[in-house]
Amino acid sequence: MNWILASASPRRREICERMGVAVEILPAAGEPPLDRSLPLEEAVRLVARAKAEEIAARCPERRVLGADTVVEIDGQVLGKPRDKREAADMLRRLSGRAHRVLTGVWAAGPGCGCGFTSAAQVEFEPMTDEEIAAYVATGEPMDKAGAYGVQSRGALFVERIDGDFFNVMGLPVEQLGLVLARFGVKLL
């Protein structure tokens, strides 16, 4: 049985398919806000859970994956930029510095659910204003937390990653494999 991926992210779909997990795309209708009264690790997992449970309520006999990714620097969460100016501002803030990428994941199925949060630290090279403007002009930053895609041109700015590379892409593979195993999915 295919899983439902409660996300429109082509990156998450690609990661699932590369792992051998067939998914049907059915994005959650809403994006619940992060509960900033909670630790960020818990808040991002709860957003993923809300997405998965929304779809699971509509498809109660199916298994659903929900995920949410945020970038955090200096205690501030950077989501997806609203426009090119905000994307450039985010990139200037990340330039030459380290930040955290957190991805919350929730797997829901008939009568069960479990999830986790994965964190990775990413260090950026310093970027010039010209590099930032050229990158923003590609359009790539616009649908990504923190305004960059580590799997494409955004990788040009990444000096180092401490943690799961796929977490930075939006779906941590190692921990996801453990959760899927609890649902009886054998990846190897």
Side-chain angles (χ1 to χ4, degrees), residues 1-36 38-60 62-72 77-81 90 99-110 112-122 140-152 154-155 161-185 187:
M1 174 190 306
N2 289 1
W3 282 74
I4 295 175
L5 182 59
S7 170
S9 167
R11 294 160 298 282
R12 289 189 180 118
R13 178 183 204 151
E14 177 186 354
I15 291 168
C16 286
E17 290 173 352
R18 285 181 179 222
M19 289 179 63
V21 178
V23 292
E24 173 186 340
I25 303 300
L26 184 56
E31 176 87 16
L34 281 173
D35 183 343
R36 294 308 310 236
L38 299 172
L40 188 54
E41 292 81 358
E42 184 178 349
V44 74
R45 185 176 56 254
L46 289 176
V47 171
R49 181 177 185 169
K51 291 176 181 181
E53 289 181 347
E54 174 194 321
I55 300 305
R58 287 194 259 162
C59 307
R62 302 285 304 277
R63 298 177 296 183
V64 181
L65 281 177
D68 192 57
T69 301
V70 297
V71 170
E72 183 268 330
V77 172
L78 305 181
K80 296 175 184 177
M90 287 181 184
H99 60 276
R100 287 193 319 155
V101 178
L102 294 101
T103 299
V105 176
W106 193 265
C112 61
C114 61
F116 62 89
T117 301
S118 178
Q121 181 153 318
V122 180
E140 184 177 297
M142 300 315 299
D143 70 336
K144 294 166 186 69
Y148 73 95
V150 71
Q151 72 285 351
S152 46
I161 296 174
D162 182 14
D164 187 336
F165 170 83
F166 292 101
N167 175 57
V168 184
M169 261 181 86
L171 199 58
V173 170
E174 188 267 337
Q175 286 183 284
L176 179 60
L178 297 173
V179 167
L180 293 176
R182 292 175 67 181
F183 282 82
V185 176
L187 298 174

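In what follows, every heavy atom counts, from backbone to side chain, and hydrogens, waters and symmetry copies are set aside.
Of all heavy-atom pairs between V64 and A52, the closest is CG1-O, 3.6 Å. For V44 against L102, the heavy-atom pair with the smallest separation is CG2-O, 4.1 Å. Minimum heavy-atom separation, N167 to S118: OD1-O, 3.2 Å. Shown here for G170 and T69, the closest heavy-atom pair between the two residues is CA-OG1, 3.4 Å. Pairing each heavy atom of C59 with each of L26, the nearest pair is SG-CD2, 4.0 Å. The two atoms that bring L171 and C16 nearest to each other are CD2-SG, 3.6 Å, heavy atoms only.
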Go through the steps for R62 and E24 under the test side chain to side chain contact (heavy atoms under 4.5 Å, CB included), then give the verdict.
-> CA-CA 11 Å; R62 302 285 304 277; E24 173 186 340; 3.1 Å; yes
Using the side chain to side chain contact (heavy atoms under 4.5 Å, CB included) rule, take I4 and V23 through it: C-alpha gap first, then chi angles, then the decisive distance, then the call.
-> CA-CA 5 Å; I4 295 175; V23 292; over 6 Å; no
Should L40 and R100 be marked as a side chain to side chain contact (heavy atoms under 4.5 Å, CB included) after you check the CA-CA gap, both sets of side-chain angles, and the distance that decides it?
-> CA-CA 11 Å; L40 188 54; R100 287 193 319 155; 4.1 Å; yes
Please assess V150 against V101 for the test side chain to side chain contact (heavy atoms under 4.5 Å, CB included), listing each intermediate value before the final yes or no.
-> CA-CA 11 Å; V150 71; V101 178; over 6 Å; no
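Here the straight-line distance linking atom CE of M90 with atom OH of Y148 works out to 12.0 Å at 0.5 Å rounding. Atoms CG and CG, from L34 and L46 in turn, are 9.5 Å apart once rounded to the nearest 0.5 Å.
At distances below 3.5 Å, not a single donor-acceptor pair connects side-chain atoms of D68 with backbone N or O atoms of V105. The backbone N or O of A120 lies less than 3.5 Å from no partner atom in the side chain of D164, so there is not a single donor-acceptor pair. Judged purely by atom type and a 3.5 angstrom limit, K80 has no side-chain atom pairing as donor or acceptor with the backbone of A147.
Among E140, R11, K144, the one residue that satisfies the side chain to side chain donor-acceptor pair (under 3.5 Å) test with S152 is E140. Between T117 and the choices E41, R45, Q175, the side chain to side chain donor-acceptor pair (under 3.5 Å) rule is met once, by R45.
Looking at heavy atoms from C-beta onward, L65 lies out of side-chain contact with W106 at the 4.5 angstrom threshold. At least one side-chain heavy atom of P39 sits less than 4.5 Å from a side-chain heavy atom of E42. The closest side-chain heavy-atom distance from M19 to L176 is below 4.5 Å. Contact of the L178 side chain with the L180 side chain is not registered, since no non-hydrogen atoms from C-beta on lie closer than 4.5 Å. Looking at V21 and N2, their side chains never come closer than 4.5 Å, going by heavy atoms from C-beta outward. K51 is not listed as a side-chain neighbour of S7, based on a closest heavy-atom distance of 4.5 Å or more.
Taking the ring centroids of F183 and W3, they lie under the 6.0 Å cut-off.
Salt bridge absent: R49 and E54 never bring a charged side-chain N and a carboxylate O closer than 4.0 Å.
The neighbour count for D35 CG, taken as heavy atoms of other residues, nucleotides or ligands under 6.0 Å away, is above 12. Within 6.0 Å of atom CZ in R58, more than 12 heavy atoms from other residues, nucleotides or ligands are found, so the atom counts as buried in its surroundings.
Between R12 and T103, the side chains place no donor N or O within less than 3.5 Å of an acceptor N or O (distance only, hydrogens not considered).
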